[in-house]
Asks: 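So that we are looking at the same thing, I have put the structure below in structure tokens.
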Amino acid sequence: MAKEKKTFDLKEYPFPTEEIPRLNIDNPETEKRIAAGLPVVITDSGLVRSALHWDLDYLQGNIGDGKFTVYKSKNKKFQYFDDKKVDTFKDFEKPMEHLDLTFPEFVKKLKTAKPGKDKVYLQQALNEGVGKRIVADFLGFNWSWVTEQQKKNKFGALTSNLLLIGMEGNVTPAHYDEQENFFAQIRGYKRFILFHPDQFKCMYPYPTYHPCDRQSQVDFDNPDYKRFPKFKDVKGYETVVGPGDVLFLPMYWWHQVESLPDHGHTISVTFWYKAGPIGNVVYPLSPQQKVSMMRNLEKMIHQALNNTDEIPEFMQNMVLGRYT
Ligand SMILES: O=C(O)C(=O)C[C@H](CCCc1ccccc1)C(=O)O
Ligand SMILES: [Zn+2]
């Protein structure tokens with residue numbers, strides 16, 4: 001008997017979305033979608049079968065007594081920013097605070113946070129510093145399947161497994177990553193809203209030299225349609241992943257991630273892979289290739305002018321009235 005479809009009371013956004021297919025690992029369609037660079041929720045993969053018992057107590061007792069990267073935000077949004085680019089933007093206001101806490105310190109903050117007060121989000125790459133039972137759980141992941149997918153789809157090297165422990169209601173605002181990602185959900189429920197890379201014109205990312213490079217400037221909770229008029233035309237895909245689900249999140253696909261309110265804290269692990277070799281170029285270029293090209297051109301102009309203040313006028317002089 002098929003599992004009854006779980007339904008959730010989800011916040012409405014001002015754009016249409018379609019459901020991302022949920023397919024069993026043995027369904028031939030699943031590998032077809034991965035090969036086509038399309039998102040898919042893979043059920044029954046057992047990818048993180050050895051971690052499904054993880055909860056705060058178990059992790060606190062076994063993850064080790066090192067420090068963990070924890071972000072603190074005054075609101076529910078945890079917008080990533082690149083520390084290395086902060087000083088090129090004098091008036092940049094950090095959207096969240098970076099703390100280094102022991103696991104017990106993190107758990108205490110998570111458990112004593114008052115609603116609407118500071119929220120916290122642990123985001124730490126799993127490395128050899130963890131306790132031996134966590135190492136054993138990590139070795140118990142379904143590495144044969146995920147490594148087979150890496151090879152079949154000619155992904156590059158595995159770069160990191162990020163452990164994510166978020167409070168209910170935490171939001172990672174819309175952004176894209178330059179890596180392929182198998183996102184494994186261990187505990188709690190996360191809503192993913194995705195947009196195809198060809199929606200770049202509706203998402204208005206920050207400039208590449210900005211600390212929030214790769215992040216959309218549009219606030220989904222209060223879109224500024226004057227500055228970002230094409231956001232009105234955006235269309236997305238969405239799903240809610242629960243324990244044991246794995247979302248294949250293809251490189252350059254935009255995504256916003258929300259730990260469902262009122263469903264408790266969430267625990268997830270990412271499997272990020274570098275892009276594979278480019279191979280021969282086929283025309284017309286794909287949206288992903290065009291985004292990569294735009295990034296390279298922006299970086300070249302930034303380097304050549306060697307002055308961020310001159311970039312807007314330079315770019316506008318090149319395009320306005322000539323290509324518009
Ligand atoms: O797995 C993904 O790609 C996600 O976006 C998951 C997201 C947290 C990601 C944090 C982050 C964003 C950008 C750079 C480095 C780290 C969540 O689950 O809240
Ligand atoms: Zn991401």
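Sequence positions, counted from 1, serve as the residue numbers for this chain. Since the structure is predicted, the reported quantities are computational estimates derived from the model, not experimental observations.
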Asks: May I ask you to say whether Lys94 pairs ionically with Asp83, meaning some side-chain N is under 4.0 Å from a carboxylate O?
Replies: yes
Asks: Can the ring centroids of Phe106 and Phe68 be said to lie less than 6.0 angstrom from one another?
Replies: no
Asks: My understanding is that only residues two or more places apart in sequence, or in another chain, count here; which of them pass ring-ring contact (aromatic ring centres under 6.0 Å, His included) with Phe78?
Replies: Tyr121
Asks: Are Phe195 and Leu247 linked, directly or through intermediate hydrophobic residues, by side-chain heavy-atom contacts shorter than 4.5 Å (ILVMFWY only)?
Replies: no
Asks: Can you tell me which residue among Pro197, Cys202, Pro205 is in a side-chain contact (heavy atoms from CB on, under 4.5 Å) with Trp254?
Replies: Pro205
Asks: Say whether Gln185 and Ser268, considering side chains only, have a donor N or O and an acceptor N or O under 3.5 Å apart.
Replies: yes
Asks: So how far is it from Leu194 CG to Thr239 OG1, rounded to the nearest 0.5 Å?
Replies: 9.0 Å
Asks: Quick one, Leu285 and Tyr283 - any side-chain contact, counting heavy atoms below 4.5 Å?
Replies: yes
Asks: Test your reading of the model: is there a side-chain donor-acceptor pair from Thr159 to the backbone of Lys274, 3.5 Å cut-off?
Replies: no
Asks: Passes side-chain contact (heavy atoms from CB on, under 4.5 Å), Glu178 versus Tyr252? Steps please.
Replies: CA-CA 6 Å; Glu178 294 178 275; Tyr252 289 112; 3.8 Å; yes
Asks: State, with a plain yes or no, whether a side-chain heavy atom of Lys109 is found less than 4.5 Å away from one of Leu99.
Replies: yes
Asks: Salt bridge or not for Asp233 and Lys201, using N-O below 4.0 Å?
Replies: no
Asks: Say you draw a straight line from CD1 of Ile34 to NZ of Lys152; how long is it, rounded to the nearest 0.5 Å?
Replies: 9.0 Å
Asks: Does Asp87 CG have over 12 foreign heavy atoms under 6.0 Å away?
Replies: yes
Asks: Please determine whether residues Met300 and Phe314 belong to a single hydrophobic cluster, defined as Ile, Leu, Val, Met, Phe, Trp and Tyr linked transitively by side-chain heavy-atom distances below 4.5 Å.
Replies: no
Asks: Quick check on the hydrophobic clustering: are Phe200 and Ile193 connected, directly or via other members, by side-chain heavy-atom contacts under 4.5 Å?
Replies: yes
Asks: Is any side-chain heavy atom of Val240 less than 4.5 Å from a side-chain heavy atom of Lys6?
Replies: no
Asks: With hydrophobic residues grouped by side-chain heavy-atom distances under 4.5 Å, do Val171 and Ile165 end up in a single group?
Replies: no
Asks: Report the C-alpha separation of Leu164 and Lys190 in whole Å, then their side-chain angles, then the decisive distance to 0.1 Å, and conclude whether the side-chain contact (heavy atoms from CB on, under 4.5 Å) test is met.
Replies: CA-CA 11 Å; Leu164 297 161; Lys190 268 182 171 174; 4.0 Å; yes
Asks: If you look at every heavy atom in Ile25 and Asp44, which pair is closest and at what distance?
Replies: CG2-O, 3.4 Å
Asks: Any chance CE of Met294 has more than 12 other-residue heavy atoms, nucleotides or ligands included, within less than 6.0 Å?
Replies: yes
Asks: Would you find more than 12 non-hydrogen atoms of other residues, nucleotides or ligands less than 6.0 Å from Leu320 atom CG?
Replies: yes
Asks: Where the side chain of Lys232 meets the backbone of Pro229, is there a donor-acceptor pair that is under 3.5 Å apart?
Replies: yes
Asks: Checking Leu59 against Ile134 for the side-chain contact (heavy atoms from CB on, under 4.5 Å) test, could you report, in this order, the C-alpha distance in whole Å, the side-chain angles of both residues, the deciding distance, and whether it holds?
Replies: CA-CA 8 Å; Leu59 290 174; Ile134 306 298; 3.8 Å; yes
Asks: Look at the side chain of Lys290 and the backbone N and O of Asp198, then say whether any donor-acceptor pair between them is shorter than 3.5 Å.
Replies: no
Asks: Parallel, tilted or perpendicular for Phe228 and Tyr204, by the 30°/60° rule?
Replies: tilted
Asks: Main chain of Leu162, side chain of Thr270: is a donor-acceptor contact present, judged purely on distance under 3.5 Å?
Replies: yes
Asks: Are Asp213 and Lys299 ion-paired here, with the side-chain N under 4.0 Å from a carboxylate O?
Replies: no
Asks: Work out which heavy atom in Gln79 is nearest to a heavy atom in Ser216; give both atom names and the distance.
Replies: NE2-O, 3.7 Å
Asks: Using a 4.5 Å cut-off on heavy atoms from C-beta on, say whether the side chain of Glu298 contacts that of His302.
Replies: no
Asks: What's the verdict on side-chain contact (heavy atoms from CB on, under 4.5 Å) for Arg191 and Val257, showing C-alpha distance, side-chain angles and the deciding distance?
Replies: CA-CA 6 Å; Arg191 180 187 192 182; Val257 194; over 6 Å; no
Asks: Please confirm whether the ring centroid of Phe15 lies under 6.0 Å from the ring centroid of Phe220.
Replies: yes
Asks: Please report the shortest heavy-atom distance between Val234 and Met203, naming the atom on each side.
Replies: CG2-SD, 4.0 Å
Asks: Would you give the length of the straight line joining atom CD1 of Ile267 to atom CG of Leu56, rounded to the nearest 0.5 angstrom?
Replies: 5.5 Å
Asks: Mind checking whether Tyr209 and Ile311 have side chains closer than 4.5 Å, heavy atoms only?
Replies: yes
Asks: Regarding Glu258 and Lys11, does a basic nitrogen lie under 4.0 Å from an acidic carboxylate oxygen?
Replies: no
Asks: Rounded to the nearest 0.5 Å, how far does OG of Ser160 lie from CD of Gln179?
Replies: 6.5 Å
Asks: Check Glu168 against Pro261 and note the closest heavy-atom contact, atom names and distance.
Replies: CB-CA, 4.3 Å
Asks: Below 6.0 angstrom between ring centroids: does that apply to His255 and Tyr176?
Replies: no
Asks: Using the six-membered ring wherever Trp is involved, compare the ring planes of Phe8 and Tyr189 and label them parallel, tilted or perpendicular (cut-offs 30° and 60°).
Replies: tilted
Asks: Can you see whether Asp137 engages Tyr58 through a side-chain donor-acceptor pair at a distance of less than 3.5 angstrom?
Replies: yes
Asks: If you round to the nearest 0.5 Å, how far is CZ of Phe182 from CG of Leu158?
Replies: 11.0 Å
Asks: So, using salt bridge (Lys or Arg N to Asp or Glu O under 4.0 Å) as the criterion, who are the partners of Arg214 when residues are at least two apart?
Replies: Asp177
Asks: Answer yes or no: does atom CD of Glu19 have more than 12 heavy-atom neighbours from other residues, nucleotides or ligands under 6.0 Å?
Replies: yes
Asks: Side chains of Leu122 and Leu163: closer than 4.5 Å at any heavy-atom pair?
Replies: yes
Asks: Are any of the side-chain heavy atoms of Glu97 and Tyr71 separated by less than 4.5 Å?
Replies: no
Asks: Looking only at heavy atoms, what is the nearest atom pair of Ala113 and Met167, with distance?
Replies: CB-CE, 3.5 Å
Asks: Take atom CG in Asn317; do more than 12 heavy atoms of anything else shown fall under 6.0 Å from it?
Replies: yes
Asks: Would a distance-only check, ignoring hydrogens and angles, find a side-chain to backbone donor-acceptor pair under 3.5 Å from Thr147 to Ser144?
Replies: no
Asks: For the aromatic rings, using the six-membered ring if either is Trp, is the centroid distance between Phe138 and Trp143 under 6.0 Å?
Replies: yes
Asks: Partners of Glu29 by salt bridge (Lys or Arg N to Asp or Glu O under 4.0 Å), sequence neighbours excluded?
Replies: Lys32
Asks: If you round to the nearest 0.5 Å, how far is NZ of Lys111 from NE2 of His265?
Replies: 7.5 Å
Asks: For the side chain of Asn24 and the backbone of Asp26, is there at least one donor-acceptor N/O pair under 3.5 Å apart?
Replies: yes
Asks: Could you state whether Met251 and Leu249 fall into the same hydrophobic cluster, counting links through intermediate Ile, Leu, Val, Met, Phe, Trp or Tyr residues with side-chain heavy atoms under 4.5 angstrom apart?
Replies: no
Asks: Can you check whether Trp253 reaches Asn181 side chain to side chain, under 4.5 Å on heavy atoms?
Replies: no
